[in-house]
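Comments concern the structure below.
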Amino acid sequence: MMKSKVLSGSAKRKKKEQQTKNILLTNKKINNLFRCIRPEANGSAESQSDITPQENLLDISTNCGIEEKLTEEANGSAESQSDITPQENVLDISTNCGIEEKLTEEANGSAESQSDITPHDNLLNISTNCGIEEKLTEEANGSAEIQSDIAPRDNLLDIGANFEIEEKLTEDNMVKVNIEETTTELNSVDWNLYKDPFFWPKNMPKSFIECCIEKGPDYFQNLNSDFINSKRSDKNFNRHLTLAMFTRSLPNGQKCNRKWLLYSPSEGSVYCFVCKLYGSNRESPFISGGFDKWKKSERIGEHENSLQHRNATNKWLLRSNTNNSVNKELCSQISAETNYWFEVLKRLVSVITFLSSRGLAFRGKEEKLNSQHNGNYLGLLELISEYDPFLKAHIEQYGNQGKGNPSYLSKTVCNELMTIMKNSLSTFIINEIKECKYFSIIMDSTPDLTKVDQMAIILRYCTLTGVEERLLGLFPIKDHQGQSMYKVLDDFLEKSELDIMNIRGQSYDNASNMSGQFKGLQAYVKNKNPLAVFIPCTAHSLNLVGVNSVNCCTEAVHFFDFVQKLYNFFSGSTHRWNVLINILKKEEKNSVKGNSSRLLTLKSLSDTRWSCHAEACKAIVVNYKQILTALKSMYDGEENNVTTLDAKSLWKKMVKRETAYMSLLWNDIMERSNKTSTKLQHSNCDTMKAINLLKSLKCYVLSLRDSNSIYEEKIPNLSPEITIYYSDEKQRKKIKKFPDGSINEEVLKGKNKFRVQTHIFIIDKFVSELNKRISAYEYIGDHFLFITHLTQESNETIDLSVSTFISKYKNDVDITLQNELVQFKEYWKLCQPSFDPADISQLFSWFGNQSLEEVFPCLFTTLKIYLTIPVANCSAERAFSKLTRIKNKYRTSQTQENLDIQMILYSENDLLKSLDLNDVLKELASSKARKKKFN
């Protein structure tokens, strides 16, 4: 018996010696493991050494003072730890070599709570167990094999009982602790949902905890709630959560707020902010489930004084105070980098705004600094750096370093910033439209220099500051049919999350594919939304009136043909043009009569810009005498035969009485038409104003019908060289004899003939064309006539207009509109504003300033709908003028996406300059700074 005990003691000593060797070998291999980890990872691991297991703890507890004798209880504990399952995602190598004989109950409780951490905590717990048998059982070996097959995505480094660690780890299994992983961006998190603590995830990732700490408990308290859902029935009593429970009474009578107490509006219960983040007892109602025993509200105070709550509060205070945090150096580095890149981005955005608002090109032939061919973008940055030390230092440090070295000066970052600015601008406009609710669409297309047909979509809406027409995109189209264009519009509205049922107007040109009654674009929109009233472009309609009028008779065609030939003659040679300019300068004071300092030179005609007709006619009437003098000097001087012949032919044409008469007549008609067309093209021109302008123009032209004698009197004032008689008055009378012996004598001749066959014919044609165009706007007169007579006494016509409007827009207004109109007339008389109530734009702004939308809601909605309806699509035409600058012959290789971005930034430059992008830039700078590698 004694011998057997001696042998047993010897075996034990040998086993202990072998265990010591295994421990030393294990520690050596662990050190080799952590030498393989990046310096950044080591730094991050060190900074996290004070973080609890819920904060991705890397806990390496090595107790190297090994006792010679381990108690059976310690051995049993070591053996129990070797059976940890792979589901716990733990690398558990606990070296309990110097285990104290007695652990405090608090330490035991803490150790036990750490053993229950879920896989979501991503615990890397290294605790080496030294009292392990030399030989593992087959079951233990099987467990180790199972752990070795766990995928890398589980972030598992699990060596439970197998100490044969490879000296070199692959990159896939290496522990990667970098800044991006420890500060994950939660851009996709809906924090409006997480304001309710009930919806917090049970297993919160570290990134979520950090965001909660950053926002603070005040963000999640929901004190503005009415606490309705907190109602709890207790026999015959109903109890609710009260605001008094969010305060604590101190012994001295003072009260302090319980900022840690969070209310869940959905469940009607309360939670503890710090315990949900760091509490160890996950079964507590203040952590899971929520506390709602209002009869026993004293438990809130008991929880507040508990040890668990105090420990969680200490951890929260430590983590929320970056000055005391182990991440202090890391946070300061990120903050410094963020501020640095934010300053860089501010300067880049300023340059982009400057170039975009002027439609200038960005890049040149090269993408290198200090090059003469690097384009406007880099060139402006170089110019600013001469007066900006910060930017100069940045360019010297980061410029021309090539790919892989962040400088923010590349075209990639430039395009990224332009995309951000365009998206912010579009989002701002769309949010304004959604706030206004009603909008109208304006569309038109034109081919660019690369023969791509570009469709412009412009939305018109009404704000309290005025009517806005904003370009929201250019879309290439291949099919010009109405159905295809509607598909483009429908896709755009769906992408922008705009409801097509809120469209109240649409305006296009008079092309059949746009304005067609059955297969035009307007027909497809109306089929979807009957309230989307179609208004033909009034400016285009007026141009069509002019087109049909100038081609109505022979004399009109000959006159404008002469006007173009006269311009071609003088502009075809610099010598002839200088002769004309010199003569005009001599007579400048008399010809312009001191009204303008600019010479009225000859103008060319245009098929699209009918203002050129007005300018050409005016130039001839004002300079009639000087032009004749210049032509006469040409054919009397020493010019070549062709010039002499052309000059004399034009002079003979110009001295005819018919030419002088047509110059005066068309000058008056075109001058009034041009002024009217200019007003119709303004975005603040409303529909009734447009109709009244067209009607007034018709009345004016109609008044010229009997003004023949007036023009006859004005002819001699143009030039004394103009003939007295008409061309046909010098011709001998032709008497035609018919076989029956009858004679046909010409009754009309000279002045009378010209008045009947030319003057009256032109006037009647112009008026008839106007009547045809005005009839297309009868819908507006029938439904909105009362708007321009808000302060006038009612009559049968106005009352009918009100009734028609209410029945048509029954989903927008109701019958109370009639009562509001009666009250508004009295209110207007009492207020007596200084502006004209017929100016609906100013009236609408006055409504907003006086906050009358609450008193007259239906009238306010009526004014909004009325102003939303467009009268012209000239905004699309202006966008195409900008397109010629953005995509000129030197910039035809740019992509469609880049063209769309630059067009929006250029067209809406007034919004671009006022747009606040600081929040976006700070977020971008922060994301870039976190990718920076720190030494």
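Atoms considered below: every heavy atom in the structure, side chains included; atoms not considered: hydrogens, waters and symmetry mates. Just so you know, residue 1 is the first one in the sequence shown, and it goes up from there.
Note: F390 and Y340 meet the aromatic proximity criterion, with ring centroids under 6.0 Å apart. Between W316 and H309, the distance separating the two ring centers is not shorter than 6.0 angstrom. Ring pair Y263/F246: centre-to-centre distance not below 6.0 Å. Checked against a 6.0 Å centroid threshold, the rings of F220 and W200 count as neighbours.
Atom-to-atom distance recorded for F428:CZ and S914:OG is 6.5 Å, nearest 0.5 angstrom. Residue L348 holds its CG atom at 10.5 Å from OG1 of T353, rounded to the nearest 0.5 Å. The structure places CG of L472 at 10.0 Å from CG of L493, a figure rounded to the nearest 0.5 Å. Taking CZ of F273 as the reference point, atom CG of L262 lies at 7.0 Å (rounded to 0.5 Å). Taken from OG in S269 to CH2 in W294, the straight-line distance is 6.5 Å, to the nearest 0.5 Å. Note that CD1 of I352 is 10.5 Å distant from CD1 of I901, once rounded to the nearest 0.5 Å.
Taking 4.5 Å as the limit, every side-chain heavy atom of Y194 sits out of range of all side-chain heavy atoms of C211. Within the 4.5 Å cutoff, side-chain heavy atoms of R258 are placed close to those of I300. With a 4.5 Å cut-off on side-chain heavy atoms, T242 and M245 count as touching. Side-chain atoms of V270 and S230, non-hydrogen and from C-beta on, never get closer than 4.5 Å to each other. Proximity of Q308 to R310: side-chain heavy atoms (C-beta onward) are nowhere separated by under 4.5 Å. Contact of the S297 side chain with the R239 side chain is not registered, since no non-hydrogen atoms from C-beta on lie closer than 4.5 Å. The closest side-chain heavy-atom distance from K434 to E497 is below 4.5 Å.
If you check the side chains of T247 and N257, you find no donor sitting under 3.5 Å from an acceptor.
When all heavy atoms of K437 and N502 are compared, the closest pair comes out as O-CB, 3.3 Å. Here the closest non-hydrogen pair linking E432 and Y461 is OE1-OH, 2.6 Å. Across all non-hydrogen atoms, the minimal contact from K276 to M204 is O-CE, 2.5 Å. Heavy-atom minimum distance, H394 versus S407: NE2-O, 2.7 Å. The minimum heavy-atom distance linking R232 with G268 is given by the pair NH2-O, 3.3 Å. Heavy-atom minimum distance, I430 versus L498: CG2-CD2, 4.1 Å.
Using modelled atom types, no side-chain atom of N222 and backbone atom of P265 make a donor-acceptor pair closer than 3.5 Å.
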Practice task
Report the C-alpha separation of Y278 and W260 in whole Å, then their side-chain angles, then the decisive distance to 0.1 Å, and conclude whether the ring pair (Phe, Tyr, Trp, His ring centres under 6.0 Å) test is met.
Solution key: CA-CA 12 Å; Y278 298 114; W260 54 268; over 10 Å; no
Practice task
Start with the C-alpha gap between L915 and S424, add the side-chain angles, then the distance that decides, and say whether side chain to side chain contact (heavy atoms under 4.5 Å, CB included) holds.
Solution key: CA-CA 8 Å; L915 201 62; S424 300; 3.8 Å; yes
Exercise for the section: Just do the side chain to side chain contact (heavy atoms under 4.5 Å, CB included) check on V274 and C272 with the steps written out, would you? Expected result: CA-CA 6 Å; V274 294; C272 177; 3.5 Å; yes
Practice task
Take L241 and D292 through the side chain to side chain contact (heavy atoms under 4.5 Å, CB included) test and state the conclusion after the steps.
Solution key: CA-CA 8 Å; L241 175 68; D292 58 358; over 6 Å; no
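Around atom CD of E214, no more than 12 heavy atoms belonging to other residues, nucleotides or ligands sit under 6.0 Å away. Counting heavy atoms of neighbouring residues, nucleotides and ligands inside a 6.0 Å radius, atom NZ of K215 exceeds 12 of them.
With Y219 as the aromatic partner, K195 meets the cation-pi criteria of under 6.0 angstrom to the ring centre and within 45 degrees of the ring axis.
In summary, R299 and E302 do not engage in a salt bridge, as defined by a charged side-chain N under 4.0 Å from a carboxylate O.
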